[in-house]
There are 2 protein chains.
Amino acid sequence: MNPQKSSTIGDVAAEANVSVATVSRALRGLPNVAESTRRRIEEVAERLRYQPDPSASRLASGKSSTVAIIVPTLEGWYFSTVMAASTTALTKGGYESLIIVDAVDDSAGRLVDRSVLKGVDGVILINMALSDSKRETLQRSAIPVVSIGMKIEGFSAVSIDDVALGFEATSHLAGLGHKTVGVITGLKWNPFQFEVSDRRLAGHMAARSHFSLVKDDDLVVGGDFSMVGGYNAMLKLMERPERPSALLAFSDEMACGAWLAARSLGLSVPEDISIIGVDDHPMSELWGLTTIAQNVTSHGGLAAELLLKLLKESDDVGDIEVETTLIQRSSTRVV
Amino acid sequence: MNPQKSSTIGDVAAEANVSVATVSRALRGLPNVAESTRRRIEEVAERLRYQPDPSASRLASGKSSTVAIIVPTLEGWYFSTVMAASTTALTKGGYESLIIVDAVDDSAGRLVDRSVLKGVDGVILINMALSDSKRETLQRSAIPVVSIGMKIEGFSAVSIDDVALGFEATSHLAGLGHKTVGVITGLKWNPFQFEVSDRRLAGHMAARSHFSLVKDDDLVVGGDFSMVGGYNAMLKLMERPERPSALLAFSDEMACGAWLAARSLGLSVPEDISIIGVDDHPMSELWGLTTIAQNVTSHGGLAAELLLKLLKESDDVGDIEVETTLIQRSSTRVV
DNA sequence: CTGAAAGCGCTTACAG
DNA sequence: CTGAAAGCGCTTACAG
């Protein structure tokens, strides 16, 4: 057995004394193949360790059975979790996942310039804001796309109400009597990614007015959705003379980073400062972190299912808005 | 312009008044094409937004320009970081990354049963212990493989000396005067994945003897390389009557989880218990966690470079052992 | 239920 | 420097 050369559909056909067409049908479970023939073919295929060449299948059928999952970064819990959930669902649906990292600072603009799109049946965008040109490229390709985390003109989306989230989180703090609330937003990893952060901030601002909270500009500091980012942002926030009595971080990782920064400043949570995050990261329960849970795993799964549906029926399947819930733990308390 | 139908090499050839062969050569930068012809073809290709069909190229050339990155899970900082580093290096080298999650509990055994391997030029295994049958499948396929994190018979590897690491970490603790050292190992996410954890444990055991430390069995508890796992393991560890005065966790995430568990028990670090981790996760600096750094990013990059070399020269390129360094911070101190 | 044949969109010797 | 032609390994009408 030559290790270099694997067998082709022709080898199987020859061994089984049938045509390649029959082998193709038999192995793919298509109808109109005698059971006995099918069994014989399966046996031969097994013995020869035959595996269809995906490139040939794709070329011939026009279907690749793979979907591209496009993310701005591979780092951070949010992306890993959503990717894992999508991949799992896609695998169950019979699709491979091609993961593409399309950081905006990648001047090559992989999504547009590379021809990966031609090798793919569908696309899942995870919190990827698109430049106009990329969006057009995608639209022109006419392949199904679903976006997670934000609505994009022309594509189905799985997302949450980020404005409401920003409002609710702030309102929780205001309800506890806090008047000076610091906010750690998140932007860094994607220059185009203003949206999620901006919408949460808009919600916060609305609540800030509604509850007559302190309105200073230096109460809002940018993080980058990481623990380190949250840590540094917190340090900056704490430089102002009148320290906030509460903090809203736009992710749990930033919230925990901020918590560590508070600790390094000799501050206790929630005695000296209340902290609320967003996500319900698995570590949040360990910290006792109050947070707005957004059920990240289901985002990934739902998006995959939406795409699978699109792949089958190819008509519009609409959007999904996932519920969000406040989980109160021990990091926030009455001021 | 029909949005459904993208142009083929034939369209470009027709427009440019040359044969498809010439278009193929021109666009791939091969020699023996007149500069003027090349320019004309490039222009037409641009105008028609021509993108070569990857499946067709693969089928015709036998090269796919994609490498499979196989991981047991998508979760956890270690995997994200290594994947990101590998992907970045591969992209620079002109390769796509196909990420395959091959959890062992996936009875389908994706690596073996699926034909993805036929669509791929090379494979990077990230901390994937392989069953014999999978290893054989890979070997038989004769495509270049490099393994990260552990040595696998027949493949190049990028790894660290885990035994030495276990010894060094323990010896740091022993040097501080600790006699009763708890250990949180890590196994869960991959039943076959005894190796890394076992080797570190072997190193620890050697040090345990060498420094005459307490040898009770209940001083070793299994985690799963996550914060939650570390948290629970710590709780278990602290049930024993004579509590350990120091803890070695086989990852920083577990170490931080254990730290939170200690906190929940009213214990301070390092006053009541010293903690040392492994990895040098970015959050470790924030915590002040002492750790053994293993430069995870470079693992991913080095492996990709090794593979790229293998892909070019196709002869054996050997293994790489990455250095490991103790970073002492404030979570460990004299007992 | 099965087979012969065309075709998917490229690449690659081989001629010229 | 360029083109005609075969071939990569499948799938898909079309006949039978």
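Throughout, protein chains are lettered first and strands after them, A, B, ... in sequence-line order, and every chain is numbered starting at 1.
Nucleic acid contact class of B:Thr37 (heavy atoms, under 4.0 Å, all strands): sugar-phosphate only.
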For DNA chain C, what is the dot-bracket line, given that a base pair needs Watson-Crick (N1 to N3, plus N6-O4 or O6-N4) or G-U wobble (N1-O2 and O6-N3) geometry with both distances under 3.5 Å, and | means paired with another strand? |||.||||||||.|||
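The phosphate of C:dG3 has OP1 or OP2 within less than 4.0 Å of a side-chain N or O from A:Ser19. Taking only side-chain nitrogens and oxygens, B:Thr22 comes nearer than 4.0 Å to OP1 or OP2 of D:dG3.
If you take CZ of B:Arg38 and C1' of D:dC1, they are 11 Å apart, rounded to a whole angstrom. Between A:Leu59 atom CG and D:dG7 atom P there is a gap of 17 Å when expressed in whole angstrom units. Going from atom CG of A:Leu27 over to atom P of D:dG9 covers 16 Å, rounded to whole Å.
Counting heavy atoms from C-beta on, the side chains of A:Thr87 and B:Leu74 come closer than 4.5 Å.
In terms of heavy-atom proximity, B:Tyr78 sits nearest to B:Gly149 at OH-CA, 4.2 Å.
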Verdict with reasoning, A:Ile70 to A:Ile124, per side-chain contact (heavy atoms from CB on, under 4.5 Å): CA-CA 6 Å; A:Ile70 308 181; A:Ile124 290 181; over 6 Å; no
Side chain to side chain donor-acceptor pair (under 3.5 Å), that's the test. Do A:Thr22 and A:Ser19 meet it? Break it down for me. CA-CA 5 Å; A:Thr22 301; A:Ser19 69; 3.2 Å; yes
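Between A:Glu305 and A:Lys309, no side-chain nitrogen of the basic residue sits less than 4.0 Å from a carboxylate oxygen of the acidic one, so the salt-bridge criterion is not met.
Counting heavy atoms of neighbouring residues, nucleotides and ligands inside a 6.0 Å radius, atom CD of B:Glu321 exceeds 12 of them.
Counting only N and O atoms by type, the side chains of A:Ser36 and A:Arg40 include no donor and acceptor under 3.5 Å apart.
Listed by chain and number, the residues in a side-chain hydrogen bond (donor to acceptor under 3.5 Å, both in side chains) with A:Asp132 are A:Arg135 (sequence neighbours excluded).
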Going 5' to 3' through nucleotides 10-16 of chain D and flagging B where a protein heavy-atom sits under 4.0 Å of the base, S where only the sugar-phosphate is that close, and - otherwise, we get BSBB---
